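Single-structure report; data block below.
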There are 2 protein chains.
Amino acid sequence: MNTFLSYNVYRSNCPARVFFETLANKWVLLLMNALEHEPQHFNLLKKNIEGISPKVLSQTLKNLERDGFIKRTVMDTRPVRVEYSLTPFGEDFSKTTYLIKNWAEKNIDRVLSAQQIYDAEQFK
Amino acid sequence: MNTFLSYNVYRSNCPARVFFETLANKWVLLLMNALEHEPQHFNLLKKNIEGISPKVLSQTLKNLERDGFIKRTVMDTRPVRVEYSLTPFGEDFSKTTYLIKNWAEKNIDRVLSAQQIYDAEQFK
DNA sequence: CAGAATCCTTTTGGATACTG
DNA sequence: CAGTATCCAAAAGGATTCTG
């Protein structure tokens, strides 16, 4: 069945690598975080995640649904409303994505000053 | 100085968002993990991270050095050897990147079966 | 060995208009 | 409202060759 003794993201055609590459995407990570603990509708997500186009939002949601992270619920209203929420599996993963988001927000100041120092050094 | 009351990755021109987008990259994440606890030379990294080209490896290393994650040490030998290692700041971040890598390797089986179920459902 | 340079392919994404 | 479709621009990446 599976020819890999164990999964390894460093191997270019390991399934874990392929999957890992789909996760290493800004829209995926932002979306997972945006949905943490609060289901949202399509247009709300589009508004909350600044800069995402309907096309990209749509395809990213579809992929995450396929991977089992997101549940798509069509509301029986006119006009139709569609609610996106995390599955328990998605909730689990979002704990990890949150850490990256959080780390970035917490450490950006330090990165910015490292960049300034580096750039000044190059200029000399 | 800084016009942002607080950093927020959901705002498209917040510095934290810009930085976050540089992190949401497969080569960055793989590289950070590859260097965890073991400094390596250029060609060793190239060998260990399957599929990375010298061009991409070089530019990714340079960016990570600029951000303060990586230290580049030129060895005084012939021919020259260059050692890449994580800074303490990089070590800290690598703890987070490790969690993603680890999560992917641990949960890939579940994702693969979710995909199969989803695809079968679409086919009906 | 470490990496720069070049050129070219592929992927990703953005804008916009349109539909059930 | 929740998308899809189209077309196009931009960015990322790959292969290869070359040099100090």
Side-chain angles (χ1 to χ4, degrees), chain A residues 9-13 17-31 34-35 38-67 70-85 118 122, chain B residues 9-13 17-31 34-35 38-67 70-85 118 122:
Chain A
V9 295
Y10 299 114
R11 302 241 177 84
S12 50
N13 32 26
R17 165 70 163 270
V18 175
F19 173 55
F20 185 78
E21 292 185 2
T22 70
L23 302 183
N25 171 293
K26 63 180 172 185
W27 302 122
V28 166
L29 300 180
L30 287 171
L31 207 32
L35 285 174
E38 41 178 344
Q40 292 180 55
H41 304 147
F42 192 88
N43 281 327
L44 192 54
L45 283 168
K46 193 156 90 60
K47 190 184 143 205
N48 287 341
I49 302 174
E50 275 187 17
I52 196 166
S53 69
K55 180 187 139 191
V56 170
L57 176 56
S58 170
Q59 80 191 13
T60 307
L61 284 168
K62 212 167 286 177
N63 290 154
L64 291 175
E65 191 192 353
R66 186 171 107 103
D67 289 344
I70 280 182
K71 193 174 106 202
R72 179 177 179 274
T73 311
V74 181
M75 255 71 163
D76 195 16
T77 56
R78 291 298 307 251
V80 167
R81 287 207 144 219
V82 179
E83 188 181 79
Y84 290 95
S85 58
Y118 181 91
Q122 299 303 305
Chain B
V9 295
Y10 299 114
R11 301 242 177 84
S12 51
N13 32 27
R17 166 71 164 269
V18 175
F19 173 54
F20 184 79
E21 293 185 2
T22 70
L23 302 183
N25 172 293
K26 61 180 174 186
W27 302 122
V28 166
L29 300 180
L30 288 171
L31 207 32
L35 285 174
E38 41 178 344
Q40 293 180 56
H41 305 146
F42 191 88
N43 281 328
L44 192 53
L45 283 168
K46 193 156 91 60
K47 190 183 142 204
N48 287 341
I49 302 174
E50 276 188 17
I52 196 166
S53 70
K55 181 187 141 191
V56 170
L57 177 56
S58 170
Q59 80 191 14
T60 306
L61 284 168
K62 210 167 286 175
N63 290 152
L64 290 175
E65 190 192 353
R66 186 171 108 102
D67 289 345
I70 280 183
K71 193 175 107 205
R72 180 177 179 275
T73 311
V74 180
M75 254 72 163
D76 195 16
T77 57
R78 291 299 308 250
V80 167
R81 287 208 145 218
V82 179
E83 187 181 80
Y84 290 95
S85 58
Y118 182 90
Q122 299 302 305

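If you're wondering where the values come from, they're calculated on a predicted model, not measured in any experiment.
The interatomic distance linking B:Asp76 (CG) with C:dA2 (C1') rounds to 15 Å, in whole Å. In this structure, A:Met75 atom CE and D:dC1 atom C1' are separated by 13 Å, rounded to whole Å. Atom CZ of B:Arg81 and atom C1' of C:dA2 are 10 Å apart (whole Å). The CG atom of B:Asn63 sits 15 Å away from the P atom of D:dA11 (whole-angstrom rounding). Note: CG (A:Leu57) to P (C:dT12) measures 17 Å, nearest angstrom. Between A:Leu61 atom CG and D:dT4 atom C1' there is a gap of 14 Å when expressed in whole angstrom units. Here D:dA2 presents its C1' atom at 11 Å from NE2 of A:His41, a figure rounded to the nearest Å.
For the segment residues 45-56 of chain B, residues with any heavy atom less than 4.0 angstrom from an atom of DNA chain D are, sorted by number, B:Gly51, B:Pro54, B:Lys55, B:Val56. In the region residues 21-29 of chain A, proximity to DNA chain C at under 4.0 angstrom, judged on heavy atoms, holds for A:Asn25, A:Trp27.
Counting heavy atoms from C-beta on, the side chains of B:Val18 and B:Asn13 never come closer than 4.5 Å. Under the 4.5 Å side-chain criterion, counting only non-hydrogen atoms from C-beta, A:Asn48 is not in contact with B:Tyr10. A heavy-atom distance below 4.5 Å is not found between the side chains of B:Val9 and A:Leu29. Between B:Thr22 and B:Val28, every side-chain heavy-atom pair lies at or beyond the 4.5 Å cut-off. Two residues are said to be in side-chain contact when any heavy atoms from C-beta on lie closer than 4.5 Å; B:Ile52 and B:Leu45 fail this criterion. When side chains are defined from C-beta on, B:Glu83 counts as touching B:His41, because their heavy atoms get closer than 4.5 Å.
In this structure, B:Gln59 and A:Leu44 both approach DNA chain D, and ranking their closest nucleotides by distance from the 5' end singles out A:Leu44. With the nearest nucleotide of DNA chain C identified for both B:Tyr84 and A:Pro79, B:Tyr84 has the one nearer the 5' end.
For residues 38-54 of chain A, no residue pair satisfies the salt bridge (Lys or Arg N to Asp or Glu O under 4.0 Å) rule, not counting sequence neighbours.
Distance from the side chain of B:Lys62 is smallest for C:dA4 among the nucleotides C:dA4, C:dC1, D:dG3. Minimum atom distance to the side chain of A:Ser58 is reached by D:dT4, of the listed D:dT4, C:dG13, C:dA2.
The CD atom of B:Glu21 sits 10.0 Å away from atom CG of A:Asn25, with the distance rounded to the nearest 0.5 Å.
For A:Arg72, a side-chain nitrogen or oxygen approaches OP1 or OP2 of D:dG3 to under 4.0 Å.
At distances below 3.5 Å, at least one donor-acceptor pair connects side-chain atoms of B:Gln40 with backbone N or O atoms of B:Ala34.
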